[in-house]
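The next block holds one structure in the form of structure tokens; read it before the comments.
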There are 2 protein chains.
Amino acid sequence: MLRLSKLTDYATVILSFMAKDKPQVHAAMEIAGVTGIALPTVSKILKLLVNANVLTSTRGAKGGYALARLPEEISIAMVISALEGPIALTECSISQQGCEQASGCDIRGSWNLINQTIHNALESVTLADLIRPAAVPEEVFIPVSSLYQ
Amino acid sequence: MLRLSKLTDYATVILSFMAKDKPQVHAAMEIAGVTGIALPTVSKILKLLVNANVLTSTRGAKGGYALARLPEEISIAMVISALEGPIALTECSISQQGCEQASGCDIRGSWNLINQTIHNALESVTLADLIRPAAVPEEVFIPVSSLYQ
DNA sequence: TTAAATAGGACTAGAATAGTCCCAATTACT
DNA sequence: AGTAATTGGGACTATTCTAGTCCTATTTAA
């Protein structure tokens with residue numbers, strides 16, 4: 001289904017809330033209450049986002065989490081890779097140690113192009129875009145095929 | 001990891017072989033031999049591709065599988081959805097019956113945009129592109145962010 | 001009639017995901 | 001100093017998904 005994990009989905013909900021809400025620091029419990037996501041799950045996600053430098057954390061009483069940078073500077077690609085590791089559609093795009101398909105597999109270069117395309121698409125959408133009221137355009141223009149000419 | 005299933009990966013290898021090779025009809029066993037993928041797995045994939053109208057099949061002795069249309073007319077998006085179902089990154093993009101996130105989830109519209117973007121990217125790459133020797137361009141231009149202005 | 005194929009589905013084993021829980025470390029407040 | 005409120009890091013379990021195999025029925029060429 002070419003899908004993101006549920007955790008990534010949650011992460012966007014959490015980050016959207018944090019980007020929209022004024023106070024800089026939010027405790028995990030607060031976020032759980034607002035979003036309706038179970039606390040242990042929220043904690044897990046927040047920790048992953050800290051490790052990826054999307055969030056900063058403060059420990060101790062009155063501690064919590066805050067965005068590490070402006071919503072405009074947090075891309076969806078960053079969020080996805082924080083939760084799921086590198087963005088790559090196929091195995092062989094990650095580990096370069098040749099696939100077992102002895103013959104016929106010189107399509108790797110093409111996959112790289114597709115990966116690049118999708119990565120760029122995800123890179124170009126930021127958290128700021130997500131919380132903006134969605135004005136869906138009539139047409140989305142992706143001139144990938146033209147690259148082959 | 002935002003990854004495709006292994007079966008989809010295999011499917012592209014199989015289809016690439018079929019697109020490159022002259023004879024119109026290939027038996028599953030032949031394809032298994034050439035690609036190095038186990039026969040039962042090849043069969044499974046071929047059946048799925050037939051159901052998605054990417055391939056046509058002929059039963060009986062001397063039967064086999066053939067492309068249902070020209071390589072230029074078979075998009076990667078078709079292949080992916082044949083193997084994995086609809087292309088949609090998030091759950092709520094598929095089933096429209098509102099997610100449980102009571103508050104704060106009006107980012108669905110934005111996800112739809114991202115889905116659309118990626119779908120278009122995958123739609124624009126065809127089987128013909130895959131078998132073409134990959135001339136990877138220096139830059140891939142995706143003007144998604146400009147849509148928000 | 002037989003052999004070579006696909007059609008369709010059931011089935012199993014393994015891997016990945018989602019989700020929970022525990023305990024250590026840190027910090028604010030009294 | 002002590003306590004409560006937090007995050008940090010990991011272990012753990014259950015469930016779901018994926019990969020892969022296999023069986024039987026159907027179709028068709030020779």
Side-chain angles (χ1 to χ4, degrees), chain A residues 1-11 13-14 18 23-33 35-66 68 80 82-85 89-91 94 99-101, chain B residues 1-11 13-14 18 23-33 35-66 68 80 82-85 89-91 94 99-101:
Chain A
M1 205 234 311
L2 185 65
R3 70 178 230 289
L4 300 173
S5 74
K6 239 173 175 177
L7 293 186
T8 305
D9 204 350
Y10 292 161
V13 174
I14 291 172
M18 295 180 73
Q24 302 287 323
V25 174
H26 300 273
M29 221 176 80
E30 177 200 355
I31 295 174
T35 60
I37 305 167
L39 176 59
T41 304
V42 169
S43 290
K44 185 180 194 171
I45 294 167
L46 291 170
K47 288 169 192 171
L48 288 170
L49 291 171
V50 168
N51 287 340
N53 293 316
V54 173
L55 296 180
T56 57
S57 65
T58 336
R59 293 173 74 157
K62 302 240 168 163
Y65 298 90
I80 292 176
L83 278 282
E84 320 196 16
L89 295 183
T90 53
E91 282 300 333
I94 300 174
C99 52
E100 314 91 47
Q101 266 60 50
Chain B
M1 203 232 312
L2 185 67
R3 72 180 228 289
L4 298 175
S5 74
K6 237 172 176 178
L7 294 186
T8 304
D9 204 351
Y10 291 161
V13 173
I14 291 172
M18 295 180 74
Q24 302 288 323
V25 174
H26 301 273
M29 221 175 79
E30 177 199 356
I31 295 173
T35 60
I37 305 168
L39 176 59
T41 303
V42 169
S43 291
K44 185 181 194 171
I45 294 168
L46 292 171
K47 289 169 193 171
L48 287 169
L49 290 171
V50 168
N51 287 340
N53 293 315
V54 172
L55 297 179
T56 57
S57 65
T58 335
R59 296 172 74 158
K62 303 241 167 161
Y65 298 89
I80 292 176
L83 276 282
E84 320 196 17
L89 295 182
T90 53
E91 282 299 334
I94 300 173
C99 54
E100 316 89 46
Q101 266 60 48

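In what follows, every chain begins at residue 1, and chains take the letters A, B, ... in the order their sequences are listed.
- Lys62(A) comes within 4.0 angstrom of the backbone, heavy atoms only, and of no base.
- We find that NZ of Lys6(A) is positioned 10 Å from P of dT16(D), with the value rounded to whole Å.
- Atom CD1 of Ile37(B) and atom C1' of dT21(D) are 15 Å apart (whole Å).
- Within 4.0 Å of Leu46(B), counting heavy atoms only, lies no atom of the nucleic acid at all.
- For Ala61(A), whose side chain is taken as the heavy atoms from C-beta onward, the closest listed nucleotide among dT7(D), dA3(C), dT27(C) is dT27(C).
- In the interface, the side chain of Arg59(A) is not paired with the base of dT6(D) through any donor and acceptor atom under 3.5 Å apart.
- Contact annotation: Tyr10(A) side-chain N/O to dA18(C) OP1/OP2 distance is not under 4.0 Å.
- One atom, CG of Leu4(B), and another, C1' of dT18(D), lie 13 Å apart when rounded to the nearest Å.
- No engagement by Ser43(B) is indicated, since no non-hydrogen atom pair under 4.0 Å with the nucleic acid exists.
- Leu7(A) comes within 4.0 angstrom of the backbone, heavy atoms only, and of no base.
- Protein atom CE of Met29(B) is 14 Å distant from nucleotide atom C1' of dT6(C), rounded to whole Å.
- One atom, CZ of Arg3(B), and another, P of dT18(D), lie 8 Å apart when rounded to the nearest Å.
- Ile45(A) places its CD1 atom 14 Å from the P atom of dT17(C), with the value rounded to the nearest Å.
- Side-chain contact check for Ser5(B) versus Asp9(B): every heavy-atom pair is 4.5 Å or farther apart.
- Looking at Thr41(B) and Tyr10(B), their side chains come closer than 4.5 Å, going by heavy atoms from C-beta outward.
- A distance-only check finds no donor-acceptor pair linking the side chain of Thr8(A) to the backbone of Leu4(A) [under 3.5 Å].
- In this model, the phosphate group of dT6(D) is not approached by any side-chain N or O of Thr58(A) to a distance below 4.0 Å at OP1 or OP2.
- Residue Asn51(B) places at least one side-chain N or O closer than 4.0 Å to OP1 or OP2 of dG8(C).
- Distance check: Ile37(A) CD1 to Ile31(A) CD1 gives 9.0 Å after rounding to the nearest 0.5 Å.
- In plain terms, the two heavy atoms of Leu46(B) and Met18(B) that are nearest each other are CD2-SD, 4.5 Å.
- We find that CG of Leu48(A) is positioned 12 Å from P of dT17(C), with the value rounded to whole Å.
- One interatomic measurement links the two molecules: CG of Leu55(A) to C1' of dT6(D), which rounds to 15 Å at whole-angstrom precision.
- For dA5(C), neither phosphate oxygen OP1 nor OP2 lies less than 4.0 angstrom from any side-chain nitrogen or oxygen of Tyr65(B).
- Proximity of Tyr65(A) to Gln24(A): side-chain heavy atoms (C-beta onward) are nowhere separated by under 4.5 Å.
- Checked against dT21(D), dG9(C), dA3(C), the side chain of Lys47(B) finds its nearest nucleotide in dG9(C).
- Using a 4.0 Å cut-off, no side-chain N or O of Ser5(B) falls inside it from OP1 or OP2 of dC17(D).
- Nucleotides of DNA chain D nearest to Ser57(A) and Lys44(A) differ in position, and the one nearer the 5' end is that of Ser57(A).
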